[in-house]
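Chain letters run A, B, ... following the sequence lines, proteins first, then strands; residues in each count from 1.
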Amino acid sequence: MFARIVALSLLAGLLAGAVTTPVQLALVQPLIEQAEGYEQQLEAATATAHVHEAHDAMAAKEHAHEAMASEEPSDDKTHRAVATAISITLAAMGYALLLGAVLSQFGRINWRRGLLFGALGFVVFQLAPALGLPPEPPGVPAADLQQRQLWWLLTVACTSGALFGLYYAWAKRRALWAVGALAVAALPHLVGAPVLAEVHTLVPARLMSDFMLAALASAAVLWLALGGVLGGLLQRFPVESR
Amino acid sequence: MQLHKSAVRPIGQLDPASAARWKARSAALCAALLGAVILYGVGFAPGIAHGESHDTRHTMGFVCH
């Protein structure tokens, strides 16, 4: 049973990755590259301001680049596109296994139900976190990493918990459970995501909002493709017992 | 008097329905854990792998920097 969930999920992840990659490259990639232009400008300016003794902006820029070289994307466009295709497919496979784990616990699954659960996955892992921590292009500083990670985990846990609560409320006809579930879903947003008081960036606000929409659209394509394909696969090859 | 089959089952052994449910739950849990490990790898793998997943991490809103 484990083997079947894994096999079907990985296959669904592979197909969802294949569907999402062109969307990502057409919609999001150009915005990332634009933002990187602003990021480099800011880095160069900061480096010049800090390296008084060198008086050499180029040297400072190179130094900054060397330090980050291992964690930066490739300069070669094809290499970068392939790397993105692979990593987005791997991410799709990871999410597919989570989705497969949940779907395997429900009885009759078809592509329509899969699509619904894919949409719920999008809400849990992209939309709800984006309300506080929207996806940001390179070159935009953010608040303390650990605090943001904590808030992200809290939001994913509360939103998924709330969805289970709503399902339970619907299945058992308990209105009070639905109210409780909505309160749990609202909790992280009442607490509030950690944000910087002041953001120093050269990236224009318009580019940031364009990126946010493009990133969410790309992620939505990934989740819906994942849900539909995995639902269809589980319909065709059902996991034997519940 | 004939005892029902499940009544003579040794203590600690589950009836078939519970066993199947337990099997399904644990299989799903293991699959989910594997998924979490893969996602963690995409988000936090060090060095070159982190650079290669740069654009995916930005798009999927991974909180890794």
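- The contact between A/Leu222 and chain B is made entirely by side chain atoms (from C-beta outward), counting heavy-atom distances below 4.5 Å.
- One distance of note links CD of B/Glu52 with OG1 of A/Thr84; it measures 8.5 Å at 0.5 Å rounding.
- Atom CZ of B/Phe44 has more than 12 heavy atoms from other residues, nucleotides or ligands within 6.0 Å.
- Here B/Met60 contributes atom CE and A/Leu216 contributes atom CG; the two are 10.0 Å apart, rounded to the nearest 0.5 Å.
- Rounded to the nearest 0.5 Å, atoms CD1 (B/Ile38) and OH (A/Tyr95) are 12.5 Å apart.
- Interface residue A/Ile88: backbone and side-chain heavy atoms are both found under 4.5 Å from chain B.
- Side chain of A/Gln149 to main chain of B/Val63: a donor-acceptor pair is present (N/O by atom type, distance under 3.5 Å, no hydrogens or angles).
- Put simply, the side chain of A/Arg148 gets close to the backbone of B/His65: a donor and an acceptor are under 3.5 Å apart.
- Note: A/Ser74 OG to B/His54 NE2 = 12.0 Å, rounded to the nearest 0.5 Å.
- If you check the side chains of B/Ser53 and A/Ser87, you find no donor sitting under 3.5 Å from an acceptor.
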Below 3.5 Å, can you tabulate the donor-acceptor pairs from side chains in residues 130-138 of chain A to any protein atom, sequence neighbours excluded?
none

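- Looking at A/Leu145, the atoms closer than 4.5 Å to chain B (heavy atoms on both sides) sit in the backbone and in the side chain alike.
- For A/Leu97 against B/Ala31, the heavy-atom pair with the smallest separation is CB-O, 3.4 Å.
- Per-residue heavy-atom pair counts under 4.5 Å with chain B were compared for A/Pro129, A/Ala219, A/Gly100, A/Ala91, and the maximum is reached by A/Ala91.
- Within the model, atoms CG of B/Leu29 and CZ of A/Phe2 stand 10.0 Å from one another, a figure rounded to the nearest 0.5 Å.
- Between B/Asp55 and A/Gln24, the side chains place no donor N or O within less than 3.5 Å of an acceptor N or O (distance only, hydrogens not considered).
- Between chain A and the options B/Cys64, B/Gly43, B/Ser26, heavy-atom pairs under 4.5 Å are most frequent for B/Cys64.
- Taking OG1 from B/Thr59 and CD from A/Gln29, the interatomic distance works out to 7.5 Å, rounded to the nearest 0.5 Å.
- For A/Glu33, no part lies near chain B; criterion is any non-hydrogen pair under 4.5 Å.
- Only the side chain of B/Phe62 has a heavy atom closer than 4.5 Å to any heavy atom of chain A.
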